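Following: one structure in structure tokens, then a few remarks.
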Amino acid sequence: MSENEQDARRARLEALRQAGVDPFPARVAEHTSIAALRVPWEDVSAEVLEAEMPPAAIAGRIKAHRSFGKLLFMTLVEDGVAMQVCLRKQEVTPEVFDFSKKLDVGDFVRAEGFVWRTKKGELTLDARDVTMLAKCLQPLPEKWHGLADVETRYRQRYLDLLSNEEARTTALLRSRVTTALRQFLGERGFLEVETPVLQPIYGGAAARPFTTHHNMLDQQLYLRISDELYLKRLVIGGLDRIYEIGHNFRNEGISKKHNPEFTMLECYQAFADYRDMMDLTEAMVGFIAESVLGTTSVEFQGTKLELGRPWPRITIRDAILEKTGVDMLAAADLPSLQQAVRDAGKDPGEAPTWGVLVDDLFSDYVEPTLIQPTFITDHPVELSPLAKRSSEDPRLVERFEPFIGGMEIGNAFSELNDPDDQRQRFETMGKAREQGDEEAHPMDEAFLLALEHGMPPTGGLGIGVDRLVMVLADASNLREVILFPHLRPEGD
RNA sequence: GGGCGCGUAGCUCAGUUGGCAGAGCAGCGGACUCUUAAUCCGCCGGUCGUAGGUUCGAGCCCUACCGCGCUCACCA
């Protein structure tokens, strides 16, 4: 016979049907989870098991299948936990033995028998009956080397999860992170809310949006680039402590730190400012690390990070001054800042405005050095259209960004609640748009109307959940912590 | 978008100077009552990413394209 493996599996599927066996039954007869079954018997001796013969039934996917003449072993896996099953020809009907011999790796079965221990000491289910739960028609990745092809790991993540322990570990870790996040915020009285993904006007960040269309309304809509403007409306409405964990969509480049859709936590606390949000951020990240890893000390890309509080708080002015010798506040317009940069022996580049040059200096000379958790604070107002002005310097805002591992993992500020100032900021952004800045914020009259109804002093915080998970999972690429990262369509 | 690298059997990978496309695992047939990467014997399995070109002859050299990775640029 020269059939390939798929054909062979199809043939066995047909044979089952011919024999009157449903290869995809709906019901699974009574069984115990493998994890739960192992617990009471893990340390019980072969002699005791032999004498007691505890009856048991388990269900799982066949991970390995080894057959001898009159003896057969297979390993079942259920929810990540494995257990060996054996069939002895003299103990089962010829039908059951024959059926079991023809099972494929990847099939799901239920096995019923007695808890037992082999001569090699392995806890095993000595089966008397085996039934089909679901046929697997495709061969699974090789048992020894697993699945290494990066593209296949992303496109067919289920294979990655099945064959690479690390993929499973990361998925579990990510889930525990969001659980811990909800626990942390819930304990502090924050309410989880949901706001629109489809928005008539996008806002809350500087980014190009994805555009879509509602057919019946004949309305252009955008996939949100941020939840911010809706969450603030809720604060105005008296929901004083709220958060949302959801996807944002930004129509930009893809890199190991950027996916077109990513998970953002945004939370807002009325009667708080950005200092309070720094306290909250430190406590939150520490709590999450402690919850999922049991420690705030983590290894990230070869460096030990201490995520416990307190984190240094450095103004963006001081950070740039320290790394470049340039004082952005002493050189408070574009030409003088450019000159200061040149005087420091560095290239000011093509930055069109003072604020952008500040941002460039920060990105080039400071950001890569922020390995240990650090708050960078007090950004130029020009870069922060939704943040409240600093009472000490109107050129700056009460804003901070937390950095870990050289990555920006969030953004936060004392929220701008002066509707007239907010209108001016929008208008400034409007001019930038006219000058070709596609990422500048569009005017949002509905949001301004909401602000005019009064928003309390409020602290707002956004955390890039994917990047935080990267740090905790020691992942070098965002795609490792996103189950289905965006890829180009498969070519031919 | 630029640069560099990669793409060979279902999976993991070899493939020499351009000279008949290979191994292990998986699969198929057989042996086997304690294996757990089972073992042993036999067999099947290929659009060498795609399309062109050079050559007597291309997995290998050249060109274009597709996909993936790294990196730079762009970008929170």
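Naming convention: chains lettered A, B, ... in sequence-line order (proteins, then strands); numbering from 1 in each chain. None of these values were measured; they are calculated from a predicted model.
Nearer the 5' end of RNA chain B, as judged by each residue's closest nucleotide, is the contact made by D149(A), out of D149(A) and T118(A).
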> Going 5' to 3' along nucleotides 70-75 of chain B, which nucleotides have protein heavy atoms under 4.0 Å from the base (write B), which only from the sugar-phosphate (write S), and which from neither (write -)?
Replying inline: SS---B

Got a list of side-chain donor-acceptor pairs under 3.5 Å for residues 63-73 of chain A, not counting sequence neighbours?
residue	atom	partner	partner atom	Å
H65(A)	NE2	S100(A)	O	2.9
R66(A)	NH2	Q84(A)	OE1	2.9

> Where do D421(A) and R425(A) land on the salt bridge (Lys or Arg N to Asp or Glu O under 4.0 Å) test, with the steps shown first?
Replying inline: CA-CA 6 Å; D421(A) 192 358; R425(A) 308 277 190 96; 3.1 Å; yes

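Figure legend. G7(B) is base-paired to C66(B); pairs are counted as Watson-Crick or G-U wobble with both atom distances under 3.5 Å. With a cut-off of 3.5 Å on both pairing distances, U33(B) has no Watson-Crick or G-U wobble partner at all. The partner of G18(B), taking Watson-Crick or G-U wobble pairs whose two distances both stay under 3.5 Å, does not exist in any strand shown. Across the strands present, U12(B) finds its partner in A23(B); the criterion is a Watson-Crick or G-U wobble pair with both atom distances under 3.5 angstrom. Both distances falling under 3.5 Å, in either a Watson-Crick or a G-U wobble arrangement, occur for no nucleotide opposite C44(B).
A sub-4.0 Å separation between OP1 or OP2 of C68(B) and a side-chain N or O of R155(A) is present.
L125(A) has its side chain out of reach of L76(A): every pair of non-hydrogen atoms, C-beta onward, lies at least 4.5 Å apart.
Aromatic rings of Y274(A) and F375(A) (six-membered ring for Trp) have centroids beyond the 6.0 Å cut-off, not under it.
Of the candidate nucleotides C11(B), C28(B), A76(B), C28(B) has the atom nearest to the side chain of A8(A). Checked against G27(B), A76(B), U12(B), the side chain of R12(A) finds its nearest nucleotide in G27(B). Taking only side-chain atoms of L487(A), from C-beta outward, the nucleotide of C34(B), C68(B), G24(B) with the closest atom is C68(B).
Nucleotides G53(B) and G46(B) are separated by 24 Å at their C1' atoms, to the nearest Å.
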